[in-house]
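Below, each value reflects all heavy atoms present in this structure, side chains not excepted, and no hydrogens, waters or symmetry copies. Keep in mind it's a predicted model, so treat the numbers as computed, not measured.
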Amino acid sequence: MTGIAPVDITVVVGTFNRAEMLRQTLASLTELETEGRFTYEIVVVDNASTDHTAQVIAETDLGAAAAVRGFYEDQAGVAFARNRGIQEAAGRWIGFQDDDQVAHPRWLIELVDLAARRDVRCVGGNVLLRLPEGTDRKLSPQCRSLLGEKFWMTVEQPYSRKNIPGTNNLLVRRDVLDEVGVFNTGLTDGGEDADLARRIRTAGVEAWYTPDSIVYHLIPEKRLSDQYMRWTATRKGQHVARREMHEFGRAMFVPVVAMRFCQAMLNYVPRYAAFGLLGDKERALGARCLISRTQGYLSQAWQLMRGASVDVAAGGESLSLREGREQLVSAE
């Protein structure tokens, strides 16, 4: 980092084959409000893209109000991309954004205010969905949550084991990462943000949320398909199983698994059947996604409990890295 001017905040954006979405993301990030209270830069990590991502980064840098620095990371995976961004960052604070969202102009300043107000080193904010133009669907709460929306977190509050900060809207002081470590590159199919949140919580670092720091998650039409929703729910269930096995240990994990199975049979399955009979497609899809999430959870839990070759600490590889990346990008 020799020769790089220090800044207060570095915003890290990892990206893979989403050039035109990235263009919108960077356009929003280069025009953030600061009120002259802090300086920031944007570090974009191209994670081995094969589209025109490099061109988009270069074009943004030419006309940006904030400094934009681009790097190429050939080790595939969001954890590698984010870690490279941390490595290259010049800021005392590190902010994280995804390449398929747009930041509200006050996104960063609201996080800075929250950190100062609560005197904490880790803060996060709100995610709202931006559906395709002309979409009039009334998505169920379950589907909105799967797509990343935090509609239930309406007031300023500390994060908890259940409600965790996501790295699509996060600001953390660098010394926290020095203390708990960076992203786990062994988590090859996702869950790396939940793993970091767990380590931050375990280290006793207080983290707070504000609904006033907003990013808009761009949702292409393909992500609204039943297939994508169910795939995402299954994947989330796998992540939760690995995290809970790691947190609770084998002895406590067994009754938790049994409870989740009973919950699905006594709640989710009847709801799915009832909404189907009523012809309520949106709520039926939401219930079906809850079942898919449980199926993913139970499948992963079975592998973990029978001692299959799934490294709980590293996260295993129930879905291959390439499969996961291709599934996500194909939903553009």
Side-chain angles (χ1 to χ4, degrees), residues 11 13-33 42 44 46 49-57 59-60 63-66 68 78 96-108 110 124-154 166-170 190 211-233 235-236 275 279-289 292 324-332:
V11 178
V13 182
T15 186
F16 173 70
N17 280 355
R18 288 176 175 162
E20 290 309 312
M21 276 190 173
L22 177 66
R23 191 187 301 277
Q24 297 179 66
T25 300
L26 295 181
S28 70
L29 292 177
T30 56
E31 298 298 335
L32 296 174
E33 296 178 13
I42 303 163
V44 189
D46 179 355
S49 298
T50 57
D51 63 0
H52 56 291
T53 290
Q55 178 184 344
V56 169
I57 297 172
E59 289 172 354
T60 302
V68 179
V78 67
F96 295 96
Q97 277 271 343
D98 283 347
D99 61 350
D100 58 352
Q101 57 190 32
V102 169
H104 187 280
R106 291 189 61 81
W107 164 65
L108 197 52
E110 294 292 348
N126 202 0
V127 180
L128 301 178
L129 302 184
R130 184 168 289 180
L131 300 179
E133 187 174 352
T135 300
D136 59 358
R137 289 180 59 177
K138 305 298 182 184
L139 296 175
S140 68
Q142 293 80 18
C143 291
R144 290 166 60 192
S145 178
L146 283 173
L147 292 172
E149 192 168 66
K150 296 185 180 297
F151 58 89
W152 68 93
M153 297 181 72
T154 58
T167 38
N168 56 351
N169 189 344
L170 179 69
D212 298 326
S213 170
I214 299 170
V215 297
Y216 300 96
H217 192 192
L218 307 176
I219 308 297
E221 189 67 41
K222 289 183 179 179
R223 288 192 195 173
L224 297 177
S225 70
D226 291 9
Q227 179 183 13
Y228 180 83
M229 294 278 195
R230 290 174 59 182
W231 175 79
T232 302
R235 193 166 176 254
K236 183 173 182 178
F275 291 140
D280 191 332
K281 294 182 178 179
E282 294 294 357
R283 288 201 286 179
L285 176 58
R288 184 64 185 86
C289 286
S292 294
R325 281 159 63 93
E326 289 176 351
Q327 282 274 9
L328 291 169
V329 174
S330 67
E332 304 296 286

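Contact record, Pro220 with Pro132: C-CG, 3.9 Å, taken as the closest heavy-atom pair.
Taking Thr25 as the reference, nothing meets the side chain to side chain donor-acceptor pair (under 3.5 Å) condition, with sequence neighbours excluded. Shown here are the side chain to side chain donor-acceptor pair (under 3.5 Å) partners of Glu20, two or more places apart in sequence or in another chain: Arg23, His52. Contacts of Asp212 classified as side chain to side chain contact (heavy atoms under 4.5 Å, CB included), with partners at least two apart in sequence or in another chain: Glu110, Thr210. For Ser28, there are no side chain to side chain donor-acceptor pair (under 3.5 Å) partners two or more places apart in sequence or in a different chain. The side chain to side chain donor-acceptor pair (under 3.5 Å) check on Asn126 picks up Tyr209, with sequence neighbours excluded. Partners of Ser225 by side chain to side chain contact (heavy atoms under 4.5 Å, CB included), not counting sequence neighbours, listed by chain and number: Gln227, Tyr228. Taking Asp46 as the reference, nothing meets the salt bridge (charged side-chain N to carboxylate O under 4.0 Å, His left out) condition, with sequence neighbours excluded.
The main-chain N or O of Ser213 is found under 3.5 Å from a side-chain atom of Asn169 such that the two form a donor-acceptor pair.
For the atom pair CZ of Phe16 and OG1 of Thr53, the computed distance is 9.0 Å after rounding to the nearest 0.5 Å. One distance of note links CE of Met229 with CZ of Arg223; it measures 10.5 Å at 0.5 Å rounding. Atom OG1 of Thr15 is separated from atom CE of Met21 by 10.0 Å, given to the nearest 0.5 angstrom. Considering CG of Asp99 and CD of Gln24, their distance stands at 11.0 Å, rounded to 0.5 Å. Atom OG of Ser49 and atom CZ of Arg18 lie 10.0 Å apart (nearest 0.5 Å). Between the OG atom in Ser292 and the CD atom in Gln142 there is a gap of 12.0 Å [rounded to 0.5 Å].
No side-chain heavy atom of Asn168 sits under 4.5 Å from any side-chain heavy atom of His217. Here the side chains of Thr135 and Glu221 are in contact, with some heavy-atom distance below 4.5 Å. Looking only at side-chain heavy atoms (C-beta outward), Gln97 and Val13 come within less than 4.5 Å of each other. Contact annotation: the side chain of Thr60 never approaches that of Leu22 to less than 4.5 Å [non-hydrogen atoms, C-beta and beyond].
Here the rule is side-chain contact (heavy atoms from CB on, under 4.5 Å) with Trp107, and of Val215, Ile214, Val102 only Val215 fits it.
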Tabulate below the donor-acceptor pairs under 3.5 Å that side-chain atoms of residues 143-151 make, not counting sequence neighbours, or state none.
| residue | atom | partner | partner atom | Å |
| --- | --- | --- | --- | --- |
| Arg144 | NE | Glu149 | OE1 | 2.6 |
| Arg144 | NH2 | Glu149 | OE1 | 3.0 |
| Glu149 | OE2 | Leu129 | N | 3.1 |

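Sorted by first and then second residue, the salt bridge (Lys or Arg N to Asp or Glu O under 4.0 Å) pairs with a member in residues 125-142 read Arg137-Glu282; sequence neighbours excluded.
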